[in-house]
Amino acid sequence: FNSLPLFNSLLKGCAPSWVILRSCMQERYEPAGIEAAAQREWDRSGAFAVREDPSRPKYYCLCMFPYPSGHLHMGHVRNYTIGDVLTRFMRMQGCNVLQPMGWDAFGLPAENAAIENRVAPARWTRDNIAHMKRQLQALGFAIDWTRELATCDPDYYRWNQWLFLRMLERGIAYKTTGVVNWDPVDQTVLANEQVIDGRGWRTGAPIEKREIPMYYLRITGYAEELLAALEGLDDWPERVRVMQSNWIGRSEGVNLSFPYEIDGRQGELKVFTTRADTIMGVSFVAVAAEHPLAELAASRDATLRAFVDECRRGSVMEADLATLEKKGVPTGLFVRHPLTGDEIEVWVGNYVLMAYGEGAVMGVPGHDERDFAFAKKYGLPILPVIEVDGRPYSTDAWQDGYADEGRCINSGAYDGLEYDNAIDAIAGDLEKKGLGRKQVVWRLRDWGISRQRYWGCPIPIIHCPACGDVPVPDEQLPVRLPEELVPDGSGNPLAKSPEFYECRCPKCGADARRETDTMDTFVDSSWYFFRFASAGNDHAMVDERAAYWLPVDQYIGGIEHAILHLLYSRFWTRVMRDCGLTTISEPFRRLLTQGMVLNEIWLRKPASGRIAYYNPAEVEAAGEGERRSGVLKSDGQPVEYGGIGTMSKSRRNGVDPQELIDRYGADTARLFTMFAAPPEHTLEWSDEGVEGAFRFMKRLWKIVHAHVQVGSAGEFRLDALEPAQRALRRQLHQTLAKVGDDIGRRRTFNTAIAAVMELLNGIARFDDRSAQGRAVMQEALDLVVLMLSPFVPHAAHALWQALGHSTAVVDERWPAVDPAALAQDTVEIVVQVNGRLRGRVQIAAGAGEAAARAAALADPGVAKFVAGQTVRKFVYVPGKLVNVVV
RNA sequence: GCCCCGGUGGCGGAACGGGUAGACGCUACGGACUUAAAAUCCGUUGGCCGCAAGGCCAUGCAGGUUCGACUCCUGCCCGGGGCACCA
């Protein structure tokens, strides 16, 4: 060993053994020291701070930024490790890679924490950010922290306000009324999450619906484009495109009117239908409880009044409405069929949505399952008007196929017409009468962004008694959110804070009231990826740096964001485009939707008040499936099993990655997370298996240590390799090709790691101390360290140096596959008889069918099954398999 | 309820364009080393039949297409995500 460090350490009073360990590669794998040293090195060299550089291909790798809940959970670790592996891999491919990080810092949990702990949301949020940032740094992610942002910073949210004002100018933002959940006890608006079984989560009071003024963004104006552009998103998962497409929900149909005369006043009841071909089968129309006709009828009928009021209670959630028992009450009002003039009764139906279409539907019991059930329940006529392939129809019970397209019957002039022709004819006749025409409608609704909450971005509007709603002038932006308020659960603190809402009208100077609603937090997350590329600009929302980095080349985040966040971001980007802020339309070129990390849910439901959740680590559990049960460790009392669900703060079923890092180090945590499942799969958490990843790290360390102990290795001579040496090199380069493909194309990190594990098993068996053998070994270990460096960068950093390299592994290029190493003389092919595996034979690489056939039939295991039978067919898949059909 | 996805050994998963089902890892069991334990190393590990050679069954369930199906088609069951104010 080196005697100088020994001397120095003796001077400082350290034990000599310490010196021996430090003066060469440590024998033991001790991640804590290794990881701290690598991170110090990256910090010192500023390895991950990047600048625009037109000379290199750029690569913008982005993970969905976290909500600063307080602690990292395994979903974060999974998400950011995927991003980091790709960041480091693309860097090794020679790209200029940007991987930024920020905080989705506004939102409800901060207000809940404030209510619980009497601490201001700003303080709580910033403390959480500081803590989570340390946790992220401990995981060694290659993040450019110089671009960090938090959406609660006025420097950020002022641009929400600025663009909102541009949208107002362009008519994209507008004001109208919207329905919210109202807690009558707390006198406050509740989020859907805060409504449990129709009651307020804190008060237990039955929730009412309330209509209040709100600001909306006209996303429907972009519906056509948002739908059409899905076609071009080739590198998005198919399922996400399908979900978005269904969400936007274009349907072509007919808008038609049922004329009426009520109390001597003429009117038209409008409905939309995609099945105008069934119009002769209409036996009732149903309207939503909020529909003007329902209101009119309720004003003179107590039963109806009670029913309409009942419909107006309960939650506003579509899932609740859709699972409701379908109920209806007749209004006693009649409208006229637009073609026949027959009288048709108007019903109020609790299943009709005011927000979709016209808030009214025509009831065709013969060909709509829901209408059928409704007609059966209330004794309304069921008229079959479509015949499919001559199939019989019975009104006794609904049958599959009744809703299929077919040929009109019992439809007068339309009899015999097929679906398309029938609709054309009917729409034509309706148009002649001025009672309808073909129309495209969208399921997509405009985006309501007003929230009656404190911890969000203020909407920059001033309400003046004289001038009305006046936009805050640009030079007065940002409208700053006061940061010291502490909500108490009743109403919005901003609305109780005169310091905030008292102001002067920018137009006339009179006393006025500032808008106290804040924006939906989805606004904040709809454009943050632009801001990372324009960090620090005080004068503009985005600048020319964004033009260099955008669009995001790879976006990674949870599948739970497949619709809302991704759709809002696509919309917002187009608005920015139309305002001249960018030239791109699609913000995310390639999307990876990471599966959720699930864990068990344990809870107690008290007789009243909110449900209490318990972390699985606090529960002693037993049994499987239906019989799963548990008791709380702290009090020994039973807790209810709530099944498997996403790890979430509200359900308290997260796993703390810190424990993992403290015990095994960041590299093991990263390696295990990537190895446990393919990134798109949901992952049911289990502590088992982490140990295996750690074992692999120790094994790798030990093998490199044993190799470098012997001294440096030379170069091998390709033409003088022994068969075992050639075999190892073949496996090495096959693995290299596979790992590059698995990471770069397939994004299957689990199989990449499995391949390296298999290779390391081969390396461990390779016991060759010759100069040639050691040279092959050196190549193998060099490549293994390079291949693993995106996954376990800290250990790779140390091992690369131990293998004798003076460069930092983080600056190395991804190695090239040596084609010479892959060459093979013979290949093994599988022989099937009648599709069943009966043997394997070696044949020359590139052999023809005749040679394969001869070899296959000569195999004794095969011959046994062919003997005495006629070969009817022979299938040959070159290089892979033959199938003898007898 | 509607839209989307998934279901393979005791467990996580592999099989990439229809071509060897179970790679890799975990668990369990057996063995080596040790006074002992831990760690490490070696071996076995889908089910059934068989002394063995080997054979049969098997990818949620029921069918279908094909020389050949985890993979494609039809119907069903179960689990997960989303449903517009959790993020």
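Values in this document were obtained by computation on a predicted structure and should not be read as measured data.
Rounded to a whole angstrom, the distance from the C1' atom of rA84(B) to that of rC3(B) is 14 Å. The gap from the C1' atom of rC49(B) to that of rC42(B) amounts to 30 Å, rounded to the nearest Å. Rounded to a whole angstrom, the distance from the C1' atom of rU45(B) to that of rC26(B) is 12 Å. If you take atom P in rG63(B) and the same atom in rC57(B), they sit 15 Å apart, rounded to whole Å.
Candidate nucleotides rA87(B), rU20(B), rC16(B) were compared by shortest atom distance to the side chain of Arg745(A), and rC16(B) ranks first. Distance from the side chain of Asn192(A) is smallest to rA84(B) among rC16(B), rC24(B), rA84(B). The side chain of Asn750(A) has rG13(B) as its nearest neighbour among rG13(B), rC4(B), rC24(B). Minimum atom distance to the side chain of Leu837(A) is reached by rA21(B), of the listed rC24(B), rC4(B), rA21(B). Side-chain atoms of Pro678(A) lie closest to rA14(B) of the nucleotides rG19(B), rA14(B), rA15(B). Of all nucleotides listed (rG19(B), rC16(B), rA23(B)), rA23(B) comes nearest to the side chain of Glu758(A). When each of rA84(B), rC86(B), rU20(B) is scored by its nearest atom to the side-chain atoms of Arg840(A), the top-ranked nucleotide is rU20(B). In this structure, of rC86(B), rG55(B), rC24(B), it is rG55(B) that holds the atom nearest to the side chain of Phe865(A). When the nucleotides rU20(B), rG81(B), rA87(B) are ranked by their closest atom to the side chain of Gln832(A), rU20(B) comes out on top. Checked against rC16(B), rC24(B), rA84(B), the side chain of Lys738(A) finds its nearest nucleotide in rC16(B).
RNA chain B is contacted by both Ile559(A) and Ala677(A); Ala677(A) maps to the nucleotide lying nearer its 5′ end (nearest heavy atom per residue). Between Leu881(A) and Arg838(A), it is Leu881(A) whose nearest contact on RNA chain B lies nearer the 5' terminus.
Heavy atoms of Glu560(A) sit under 4.0 angstrom from at least one base atom. Contacts of Ser450(A) with the nucleic acid, taken as non-hydrogen atoms under 4.0 Å apart, include base atoms. Contact annotation for Thr751(A): backbone-only contact, meaning every heavy-atom pair under 4.0 Å involves sugar-phosphate atoms and none involves a base. If you check every strand for non-hydrogen atoms under 4.0 Å, Glu680(A) touches nothing. Across all strands, Pro66(A) comes closer than 4.0 Å to no nucleic acid atom at all (heavy-atom distances). Within the nucleic acid shown, Leu444(A) comes within 4.0 Å of at least one base atom, counting heavy atoms only. At the heavy-atom level, Ala676(A) lies under 4.0 Å from the strands shown only through sugar-phosphate atoms. Looking at heavy-atom distances under 4.0 Å, Lys326(A) makes no contact with the nucleic acid at all. Contacts of Gln194(A) with the nucleic acid, taken as non-hydrogen atoms under 4.0 Å apart, are absent. Val875(A) comes within contact range of at least one nucleobase, with a heavy-atom separation under 4.0 Å. Looking at heavy-atom distances under 4.0 Å, Trp247(A) makes contact with a base. Heavy atoms of Arg370(A) sit nowhere under 4.0 angstrom from any nucleic acid atom. Met214(A) comes within contact range of at least one nucleobase, with a heavy-atom separation under 4.0 Å. Using a 4.0 Å heavy-atom distance criterion, His561(A) is classed as a base contact.
Counting only N and O atoms by type, the side chains of Gln452(A) and Asn492(A) include no donor and acceptor under 3.5 Å apart. No donor-acceptor contact under 3.5 angstrom links the side chains of Asp186(A) and Ser490(A), judged on distance only. For the 3.5 Å distance criterion, the side chains of Thr188(A) and Asp183(A) fail to qualify, holding no donor opposite an acceptor. Remark: the Asn246(A) side chain and the Arg241(A) side chain contain no N/O donor-acceptor pair separated by less than 3.5 Å. Side-chain contact of Tyr568(A) with Trp527(A): a donor-acceptor pair under 3.5 Å is absent, judged by distance alone. Residues Asn128(A) and Trp103(A) have side chains that never bring a donor and an acceptor to within less than 3.5 angstrom of each other.
A cation-pi geometry, defined here as NZ or CZ lying under 6.0 Å from the six-membered ring centre and within 45° of its normal, holds between Arg838(A) and Phe865(A). Cation-pi geometry between Arg443(A) and Trp247(A) is met: the NZ or CZ atom falls under 6.0 Å from the ring centre, inside 45° of the normal.
For the pair Arg746(A) CZ and rG17(B) C1', the computed distance is 12 Å after rounding to whole Å. Atom pair Tyr568(A):OH and rC83(B):C1' shows a separation of 11 Å (rounding to whole Å applied). Taking atom CG of Leu759(A) as the reference point, atom P of rC24(B) lies 13 Å away to the nearest angstrom. Here rG25(B) presents its C1' atom at 10 Å from CG of Leu671(A), a figure rounded to the nearest Å. Remark: C1' of rC83(B) and CD1 of Ile248(A) are 15 Å apart, rounded to the nearest angstrom. Here the C1' atom of nucleotide rU40(B) and the OH atom of Tyr29(A) are 17 Å apart, to the nearest Å. Atom P of nucleotide rC4(B) and atom CE of Met243(A) are separated by 9 Å, given to the nearest angstrom.
Within the structure, every side-chain polar atom (N or O) of Thr682(A) is placed at least 4.0 Å from both OP1 and OP2 of rG80(B). Between Arg836(A) and rC57(B) there is a side-chain N or O to OP1 or OP2 distance below 4.0 Å. A close approach under 4.0 Å does not occur between any side-chain nitrogen or oxygen of Asn761(A) and OP1 or OP2 of rC24(B). The phosphate of rC2(B) (OP1 or OP2) has no side-chain N or O of Arg443(A) nearer than 4.0 angstrom. Residue Lys698(A) places at least one side-chain N or O under 4.0 Å from the OP1 or OP2 atom of rU40(B).
Side-chain atoms of Asn883(A) and base atoms of rC67(B) include a donor and an acceptor less than 3.5 Å apart. At a cut-off of 3.5 angstrom, counting only N and O atoms as typed in the model, there is no donor on one side facing an acceptor on the other between the side-chain of Arg695(A) and the base of rU40(B). A donor-acceptor contact under 3.5 Å is not formed by the side chain of Arg872(A) with the base of rC67(B).
In summary, the aromatic rings of Tyr351(A) and Phe374(A) are positioned with their centroids under 6.0 Å apart.
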RNA chain B in dot-bracket form (Watson-Crick or G-U pairs under 3.5 Å, [ ] crossing, | inter-strand) is (((((((..(((......[....))).(((((.......))))).((((....))))..(((((..]....))))))))))))....
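The two atoms that bring Trp455(A) and Thr125(A) nearest to each other are NE1-OG1, 3.4 Å, heavy atoms only. Counting all heavy atoms, side chain and backbone alike, Phe65(A) lies closest to Ser525(A) at CE2-CB, 3.6 Å.
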Could you check Lys738(A) against Glu758(A) for salt bridge (charged side-chain N to carboxylate O under 4.0 Å, His left out), going step by step and ending with a plain yes or no? CA-CA 12 Å; Lys738(A) 176 171 175 55; Glu758(A) 216 171 340; over 6 Å; no
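A syn orientation is assigned to rG9(B), its glycosidic angle lying within 90° of 0.
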